[in-house]
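Have a look at the structure below, then the notes.
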Amino acid sequence: MHFSPIHILLSLFLVTQAAAEIDFVHQVMPILKKNCAECHTDGKKKGGLSMNTRAEFLAGGEGGEVAVPGSIEDSYFLELTASTDLDERMPPKGPGVSPEELKILKQWVEEGMIWDDAITLGSSGWEPQMKPRIVKLPKPINNRNHPIDRILDHYLQEKKVSLPALASERTFVRRAYLDIIGILPTPEQLNAFIHDKSSDKKTKLIDQLLAEDVSYADHWLTFWNDLLRNDYTGTGFITGGRKQITTWLYNALKGNMPYDQMTRELIDAKPDAAGFINGIKWRGSVNASQTRDMQFAQNVSQVFLGINMKCASCHDSFIDRWTLQEAYDLAAVFSEEPLELERCDIPTGKMATPKWMFPEIGQIDPKANKNERLKQLAKLMTHPDNGRFTRTIVNRIWAQLMGRGIVHPVDAMHTKPWSEDLLDFLAVQFSQDGYDLRKFLKFVMTSEAYRSQSDRLKSSPGEEYVYKGPVPKRMTAEQLMDTIWQVTGTNPNLPEAKVDRSPKTTPRSVSESKDLPKIEKVTAKWIWAPDPQTRKIKLRTSIDLEKQPAFTSLLATCDNAFSLRVNGKFVTSSREWTRPAFHEVSDFFKAGKNLIEVNAEMFGGGSGFIAQLSFGKEKGANTLVTDQNWEVQQDKKWIPAKAFHKYGAGPWKRILDNAVPSQPGQSAFDGPSVRAALVKNDFLMRSLGRPHRDQVVTSRPAELTMLQAIDLANGAILSKYLNEGANNLKAQATDGQKFVNWLYEHTLGRLPTNGEEQIISSVMTDPKDTQQVEDLLWLVFMQPDFQIIR
Amino acid sequence: MNIPESIQRRDFLKQLGLASTAALATNGTQAWGNEDIIHPAAKADSCILIWMAGGMAAPDTFDPKRYHPFEKGLDVNKILSTFPAIDTNVDGLQISEGLENIAQVMDRGTLIRSAVQPDLGSILHSRHQYHWHTGYVPPITVAAPHLGAWMAKVLGPKNDVIPPFINIGQRLEGVGEKEELKAFTTAGFFGSEFGPMNLPYPEQAVKSVQPPEGMEPGRFSNRYKHFKKLLDQNPNRELMSDFQRESMLRSMESAHRLLQSKEKNAFDLTLEPKDSYAKYGDTRFGRGCLLARPTR
């Protein structure tokens, strides 16, 4: 038997809300536990009486009913506990129930025996094994050989559920993009996949997406920030009582750090990862369950083991087997001082011993110092025999990809999985694959199960859930922002997160020793499109070289952002005009014609791009500078760029003089478009379910509420994006039907039907009208098949 | 017949019951601790919580002590009440001079003078507010729902067009503690369904129930019409008849019903007569009270 955490919490609150004078949890439960539990719970039924739940207690034993709510006379158990005859008294051993306790029990009966359904006197019915279990795979059915399918196909057969049909290629591509990098495939990417005739193209696509380090990290940062309660602002930061782990986390994701190593670095904390175990230092007096020590116990057990120590932080848990002692013992691993147990904020006089809950695979030395204890805990947590550790993370990732955990809720790992074989198999696979998170994504995503049509569920899946295919997932607030920004080109300008997002370009080892002499004279001019208010432009020029240059310096900046390619290869970018790029780039050039392309963007205010290339160190060396000989793309035609200012003029003065040499591809304000996970929470994202990260969060709301719908219908933030987006897309929109097709393929992964085209044509009567473009964007973004990933 | 709009607004408020005064104490009952306490049956079906954050000095408002008029150079330790106490219409209950009007309606209120604050450290406003608004002293292990979220959850909406929990005039901008301030006006673990509709600027409240800036109402309702037509034409509609889609469409429908309803006039302060502004105070707080005001 298990319950969702929400339900449990709710019942705890409601218990104290009830009108009754007697509080079951705090007054009655300890009496029943002490006197009755040993013989009447957890499968033990002396005299046929089981007392795990109220219902069982009321059902009575061999001799009929023993308890009748509201009636002291009919409640035989009261008579038995009060009896002085030791042959009939309950409990038969020990001092028995005291007169004060009996008074409480009587009053409880009189008041109707309030006992919430969610609270069990026994421990929960399911106890997962500690050790990993090797699962013997069943035979494949119909040649579906992937281990996941071999297990699931048998599961489906057993449950008499028919095999879900495979999803269309378009559905698969959209799903894969959103699950790995959190944004949409472009129509070009989508069609390239569809037209690819190779048989392993699905695997190839997954590999290709998983190799996008930056986009992968940008997307999965949301999941990990939630899980490790990491944020950029919020409670605790104002007084320095809390530290971010953003830089560490982002690097771990970008570099695909194995999960066991991540865990060790979080528990045996590396300085830049210590924000996790240190939790939040609250000001003033704090209740005993929220000290940093107890936060440590709660977060470590929830995050890595799916164990809820929150209940046990105040008293022995009512819903599972964890005790106050165990919670404090774990907290003592972290605590600098000896730790006294407090039950519901009242000191007990008992002291905690630093240890963890699973001595079967080893224990912490209570005499060791804190650093050593944390090291030992980190080692035990990631011990190869810790099957709970691997099951917890594979279940979380399964839930991210397949819409629902094999164990649900994902933080209640003491709950029976719907397929033990699948969970145990995945856990072992994950550790055998070196705790490699991306490899695990690939493992799940290459199964036929992942590629199946999603399940149509009439209601939110409850406890009786039977797997019938992936469960559709609602986009997270961040995914919705990212995809809307992606389609409309409205990404924010600067990230809040301090992270290195430079792609790992290693262009044939650019030599570091080549010194970069200061550019004596800048003859380049600030150029832009003829209309200086154009926000985004493409610039290009070319140069013929007799041979590959031995030395080439590049000096460039842009108000506000640019990225530059030479011969199709990414060289550098910057999003901050005061930080010019200054690199040695000879390796990018070749003999013959060389093409230089720039994407430039103005965020508002002034606009201008300037660059100077010198081929050679000597005075009078060949140079290439920005001027009216460059070309700018306008309405799909290349026209001469306009040179607005000489260097030194305009608002930028002599900014290039400050340039500091650096490696290409490594400028500080590098940039692919800024993603939602990298910026602060705002009202819209908050409304759509991006949490305050004071607590660990492991799932986001699955359904859209009315208040969220109001924000989507008329909220200022979304309106602004749609308005700007319509402007950005206005040239493209004049293509009419072609534009609509592009939009549909980009957002929904398919072309509009005739019926849809007809409705759209009545929205888009004049493709030059940006208001109509704006409305069309809204109409598409509000489609359920846009916001729900199937 | 043309009904003046100001009356319309009040009628709507009446229908909504947005605004029955919170049921407060019955006549002068006093508890001494030894008699049986009879709890009055809860009759309020809606509630306005007026939250006056900031430093109102209790000894000079609702908890007068010995009167000691202010004089230059007065030792700070001697400062008690700088205004004399006045009688109210409740026997034995006095409050400070200057609150004469309130004194005449004290039989309709309950005065709590026994609240003791926990020690929550410096920069403590937001945490005390969390305590008062949710009933829990932070930090706790879970995100606690706001009082309003409890009402939204337990009582539900009174009018199926208007959200059950509306949060007017809360400053969410520009203050040092803003993240923390926001932290307690949420539905917490109940889920955002029961969260507040935030109207931080009372005079702009109507904007939250109007089409977005620069969009004509006609264009707005057309847009939604087209939205529904597109849904009908969606080739996958049979494939996605699941709970997420259904709840999404239901919520979109509710939002648009509100945004196109007459009830939305309840959010429009421009429909109030000018003298109401004067009475309530033409300030953010006063306008907030005016927006929440019950019909009389």
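These numbers come from the heavy atoms of this one structure, side chains and all, not from hydrogens, waters or symmetry mates. Note that this is a predicted model, so its numbers are computed, not measured. So you know, we letter chains A, B, ... as the sequences are listed, proteins then strands, and number each from 1.
- Interatomic distance, A:Phe781 CZ to B:Phe227 CZ, rounded to the nearest 0.5 Å: 13.5 Å.
- Residues B:Pro139 and A:Ile280 form no side-chain contact, since every pair of their non-hydrogen atoms from C-beta on lies 4.5 Å or further apart.
- Among A:Gln298, A:Gln695, A:Lys720, the residue making the largest number of heavy-atom pairs under 4.5 Å with chain B is A:Gln695.
- Put simply, NE2 on A:His692 and OG1 on B:Thr186 are 6.0 Å apart, with the number rounded to the nearest 0.5 Å.
- In this structure, OG on B:Ser254 lies 5.5 Å from CE on A:Met706, to the nearest 0.5 angstrom.
- Distance check: A:Ser459 OG to B:Asp242 CG gives 10.5 Å after rounding to the nearest 0.5 Å.
- For B:Gln117, the CD atom counts as densely surrounded, since its 6.0 Å shell holds more than 12 non-hydrogen atoms of other residues, nucleotides or ligands.
- One finds a salt bridge joining B:Arg219 and A:Glu774 here, because a Lys/Arg side-chain nitrogen approaches an Asp/Glu carboxylate oxygen to under 4.0 Å.
- Chain A forms more heavy-atom pairs under 4.5 Å with one residue of B:Ser192, B:Pro212, B:Ala143, B:Gly214 than with any other, namely B:Pro212.
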In sequence, state the C-alpha distance, the side-chain angles, and the governing distance for A:Asn714 and B:Glu213, and then conclude on side chain to side chain contact (heavy atoms under 4.5 Å, CB included). CA-CA 8 Å; A:Asn714 79 343; B:Glu213 191 105 42; over 6 Å; no
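- Only the side chain of A:Arg790 comes within contact range of chain B, with at least one heavy atom under 4.5 Å from a heavy atom of that chain.
- With a 4.5 angstrom heavy-atom cutoff, A:Lys473 touches chain B only via backbone atoms.
- Looking at A:Gln708, only its side chain comes within 4.5 Å of chain B, counting heavy atoms on both sides.
- For the side chain to side chain contact (heavy atoms under 4.5 Å, CB included) with B:Ser251, the lone residue among A:Leu704, A:Leu712, A:Ile710, A:Leu707 that qualifies is A:Leu704.
- Between A:Arg750 and B:Asn236, some side-chain heavy-atom pair lies under the 4.5 Å cut-off.
- Side-chain contact between A:Gln783 and B:Arg245 is absent, with no heavy-atom pair separated by less than 4.5 Å.
- For the pair B:His226/A:Asp775, no side-chain contact is recorded, criterion being any heavy-atom separation below 4.5 Å from C-beta on.
- Proximity to chain B (any heavy atom under 4.5 Å) is shown, for A:Ala702, by both the backbone and the side chain.
- Of the two parts of B:Leu259, only the side chain, counted from C-beta on, holds a non-hydrogen atom closer than 4.5 Å to a non-hydrogen atom of chain A.
- With rounding to the nearest 0.5 angstrom, the CZ atom of B:Arg223 is 11.5 Å from the CG atom of A:Leu776.
- Chosen from A:Val471, A:Val286, A:Asp785, the residue pairing most often with chain B at heavy-atom distances under 4.5 Å is A:Asp785.
- Of the atoms belonging to B:Pro211, it is backbone heavy atoms, and not side-chain ones, that fall under 4.5 Å from chain A.
- The closest side-chain donor-acceptor pair between B:Glu193 and A:Thr705, if any, does not fall under 3.5 angstrom.
- The CG atom of B:Asp232 sits 10.5 Å away from atom CD of A:Glu756, with the distance rounded to the nearest 0.5 Å.
- Under the 4.5 Å side-chain criterion, counting only non-hydrogen atoms from C-beta, A:Arg686 is in contact with B:Asn198.
- For CH2 of B:Trp132, the number of neighbouring non-hydrogen atoms (other residues, nucleotides, ligands) closer than 6.0 Å is 12 at most.
- Under the 3.5 Å distance criterion, the side-chain polar atoms of B:Gln244 are matched with a main-chain donor or acceptor of A:Pro472.
- Annotation for B:Gln204: atom CD counts as buried by contact number, over 12 foreign heavy atoms lying within 6.0 Å.
- Taking every heavy atom of both residues into account, A:Ala713 and B:His256 meet most closely at CB-CE1, 3.6 Å.
- Looking at A:Gln771, both its backbone and its side chain come within 4.5 Å of chain B, counting heavy atoms on both sides.
- The candidate with the highest count of non-hydrogen atom pairs below 4.5 Å against chain B, out of A:Gly689, A:Gly715, A:Ser762, is A:Ser762.
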Does B:Lys229 form a side chain to side chain contact (heavy atoms under 4.5 Å, CB included) with A:Ile760? I'd like the steps, not just the answer. CA-CA 10 Å; B:Lys229 282 192 195 160; A:Ile760 291 164; over 6 Å; no
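- You'll find the side chain of B:Phe243 reaches within 4.5 Å of the side chain of A:Glu703, heavy atoms only.
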